[in-house]
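To start, the structure under review is shown below, and the notes come after it.
Starting from 1, each residue takes its place in the sequence as its number. Heavy-atom basis, side chains included; hydrogens, waters and symmetry copies ignored.
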Amino acid sequence: MSTRSGTPDLSDDVCARLREAFRRTGYDADGVVAALGGAAHAALGRGEPVPAERASRDAGDLGTLIRLFLLGGTEPETAVKAAFAPLTPEDAVFAGVLSAADGGYRAALDIRPHGDEEGSWWVVSDLDADVLGTTVPEDHVLGVGHASLSLIRATSRRPVGTLLDLGTGNGVQALHATRHAGRVTATDVSARALALAAATFRLNELDVELVRGEWFAPVARRKFDQVVCNPPFVVGPARVDYTYRDSGLAGDDASALVVRQLPGFLNDGGVGHLLASWLHTSSEDWADRVSRWLPAETDAWFVQRDVADPALYVGTWLRDAGLDPRSPEGRAKAAAWLDWFAAHDVRGIGFGFVTLRRAAGRTPTVVCEDLRQAYDDPLGPEAAGWLDRVEWLRESGDSLLDVRFVVPDTVLLESVEEPGDEGWTTTIRRLHRTDGPGWQHEVDELAARLLAGCRGALPLEDLIELLAAAQGLSSEELAAAALPVVRELVRHGMLVPAER
């Protein structure tokens with residue numbers, strides 16, 4: 001495992017001069033894309049640096065910054081001095097931003113633009129294993145990876161007063177939180193993570209409270225309107241190779257700890273969003289496992305996005321740290337990891353999103369479901385809508401029969417038919433929601449006919465009575481069968497109350 005010397009010191013003065021240089025050169029999310037062009041920028045995202053390197057040659061000072069921070073190159077002193085002005089290369093080295101190398105300078109930190117639809121920030125993190133050419137140190141501060149981006153997209157952005165970013169790392173979740181939260185608090189167990197997060201916030205002129213400590217200890221006895229958490233959720237033996245991913249707890253205990261404790265730090269009605277992993281074993285359904293983690297009076301939505309094979313899982317995380325699975329160290333770690341999985345009957349590792357809401361004094365709703373298909377829309381608005389619909393169902397209670405429902409225009413009915421002696425016979429009827437996560441539900445003929453009548457004109461009870469009379473069925477029995485289906489479709493936004 002590699003080591004490093006010193007903690008970067010990006011003071012107010014250093015950040016001010018660095019920010020001025022970045023703004024002068026156009027080193028922001030839009031500026032980088034414009035300089036590289038769409039094709040080269042996309043290639044860089046795939047880990048193919050040559051098109052970006054070629055495109056950066058004509059970008060002047062901005063090209064220098066791109067090659068330093070995004071491509072891991074070495075740049076001559078004259079180019080670095082011009083690009084970093086008014087921050088001198090010497091001061092940048094002293095602050096830990098650059099290091100002297102081969103008669104020029106290299107980046108000592110990863111500082112890169114990160115944007116949303118409202119603008120751009122800069123995120124400070126450590127150089128990854130590919131740039132370092134070796135494994136990363138234990139206190140490595142990860143950049144903005146796929147997990148971070150997925151949590152960003154899965155978080156509700158409705159305005160809140162207070163928000164906690166538990167385990168902030170480089171601070172990217174807190175950056176996004178400043179868009180919709182009045183006050184943001186960020187914690188981490190790692191002193192280096194807090195130093196780099198502080199640099200991120202200072203560079204972007206943002207006021208975020210930073211507190212060091214394990215799990216929820218730094219905010220004991222405090223409550224928030226919203227909590228976001230990208231915890232060290234890697235599943236395996238109880239060890240800490242890297243603080244950004246390993247908790248020191250065995251199995252999926254880290255995810256379980258956050259799910260158990262998070263609701264206690266929410267105001268009533270407050271919402272939590274986190275990434276989590278859970279074990280799949282032969283003796284237990286994953287939904288039963290994660291449901292046992294929940295405290296009382298907590299609405300919960302567990303969305304499983306993937307289930308990984310143990311061998312693939314181990315290989316992925318070894319490479320993530322820059323460790324070759326074929327090396328002696330890689331073989332030893334893989335063997336110990338897989339031995340642990342075998343000893344604990346682990347058949348797969350589930351991964352997904354968890355949305356929690358504190359529902360004091362109310363009967364909670366807990367739903368665990370798979371969502372493994374690809375989709376483009378962010379899950380955050382869907383999570384907020386899911387909570388709204390759950391609350392509406394809870395308040396409606398037994399009065400659903402009085403509601404006039406509508407099937408939204410975004411919901412389609414697909415029929416699959418097979419040939420027979422008397423023509424085509426429908427074998428599958430499947431509802432598709434064409435927006436959001438693209439929910440699907442198979443329904444029978446009676447349900448399809450009932451939904452066809454949901455145009456907002458008649459209450460559900462009248463529709464059921466008409467359908468029962470037409471089919472020669474008991475309306476009471478048909479209602480008892482229909483209501484669970486209606487509730488499920490409402491939760492998924494595939495059936496909505498008509499506007500009055």
Side-chain angles (χ1 to χ4, degrees), residues 42 45-46 145-157 228 230 233 235 252 255 259 273-280 285-291 299-313 315-317 347-356 365-390 393 407-418 426-444 447-448 451 484-496:
R46 297 192 301 268
H146 292 300
S148 296
L149 293 172
S150 64
L151 181 58
I152 288 165
R153 289 171 58 84
T155 298
S156 168
R157 299 298 168 188
V228 295
N230 182 4
F233 55 73
V235 169
D252 50 15
S255 296
V259 171
H273 300 279
L274 68 140
L275 300 179
S277 292
W278 39 80
L279 301 179
H280 282 243
D285 183 79
W286 76 271
D288 293 335
R289 183 181 190 86
V290 300
S291 295
D299 291 326
W301 190 33
F302 291 87
V303 178
Q304 182 166 255
R305 291 293 288 137
D306 191 23
V307 179
D309 173 79
L312 177 62
Y313 186 83
T316 297
W317 282 110
R347 306 301 176 88
I349 299 93
F351 167 82
F353 308 107
V354 184
T355 299
L356 305 171
T365 296
V366 178
V367 175
C368 305
E369 53 194 340
D370 276 285
L371 182 59
R372 301 198 212 178
Q373 71 265 25
Y375 63 90
D376 293 327
D377 289 356
L379 195 64
E382 185 69 14
W386 186 90
L387 291 170
D388 288 345
R389 296 189 289 268
V390 163
L393 285 168
V407 177
D409 293 339
T410 55
V411 176
L412 305 177
L413 177 64
E414 170 194 19
S415 296
V416 178
E417 300 184 345
E418 64 181 11
T426 301
T427 56
I428 297 175
R429 295 175 181 84
R430 185 183 294 117
L431 290 175
H432 287 264
R433 187 176 144 193
T434 58
D435 63 342
W439 295 114
Q440 300 180 17
H441 281 273
E442 289 192 17
V443 294
D444 60 20
L451 292 171
V485 176
V486 167
R487 289 190 178 94
E488 184 69 11
L489 294 177
V490 169
R491 275 197 295 267
H492 279 165
M494 303 175 80
L495 193 61
V496 300

Hey, does the side chain of H273 reach the backbone of S156 with a donor-acceptor pair shorter than 3.5 angstrom?
-> yes
With sequence neighbours left out, what residues match W439 under side-chain hydrogen bond (donor to acceptor under 3.5 Å, both in side chains)?
-> E382
Counting N and O atoms only, with roles assigned by atom type, does the side chain of R305 sit under 3.5 Å from a partner on the main chain of G352, one being a donor and the other an acceptor?
-> no
List for me each residue that meets ring-ring contact (aromatic ring centres under 6.0 Å, His included) alongside F233, sequence neighbours excluded, and say none if there are none.
-> F351
For residues A300 and W386, report the shortest heavy-atom separation together with the two atoms involved.
-> O-CH2, 3.5 Å
Taking side chain to side chain contact (heavy atoms under 4.5 Å, CB included) as the test, write out the residues that go with L312, two or more places apart.
-> D309, T316
Would you tabulate the side-chain donor-acceptor contacts of residues 367-374 under 3.5 Å, counting partners in other chains and residues two or more places apart, or write 'none'?
residue : atom : partner : partner atom : Å
E369    : OE1  : H492    : NE2          : 2.8
E369    : OE2  : W301    : NE1          : 2.5
E369    : OE2  : H492    : NE2          : 3.1
D370    : OD1  : Q304    : NE2          : 2.7
D370    : OD1  : R372    : NE           : 2.9
D370    : OD1  : R372    : NH2          : 3.3
Q373    : NE2  : P437    : O            : 3.1
Q373    : NE2  : G438    : O            : 3.2

Which atoms form the tightest heavy-atom contact between L379 and F353, and what is the distance?
-> CD2-CD1, 3.5 Å
Test side-chain hydrogen bond (donor to acceptor under 3.5 Å, both in side chains) applied to R429 - qualifying residues, sequence neighbours left out | none
Just by modelled atom types, is the H280 backbone N or O under 3.5 Å from a matching donor or acceptor in the R347 side chain?
-> no
V290 versus V259: any side-chain heavy-atom pair under 4.5 Å?
-> no
Is there a donor-acceptor pair closer than 3.5 Å between any side-chain N or O of T155 and the backbone N or O of G380?
-> no
Output a table of donor-acceptor pairs, distance under 3.5 Å, between side-chain atoms of residues 145-153 and any protein atom two or more places apart or on a different chain; print 'none' if there are none.
residue : atom : partner : partner atom : Å
S150    : OG   : H146    : O            : 3.3
S150    : OG   : A147    : O            : 2.7
R153    : NH2  : D376    : O            : 2.3

Separation of R389 CZ from R491 CZ (nearest 0.5 Å) = 10.5 Å
Crowding at CG, D288 (>12 non-hydrogen neighbours, <6.0 Å) = yes
Identify the two heavy atoms, one from I349 and one from P310, that lie closest to each other, and give their separation to 0.1 Å.
-> CD1-CA, 3.8 Å
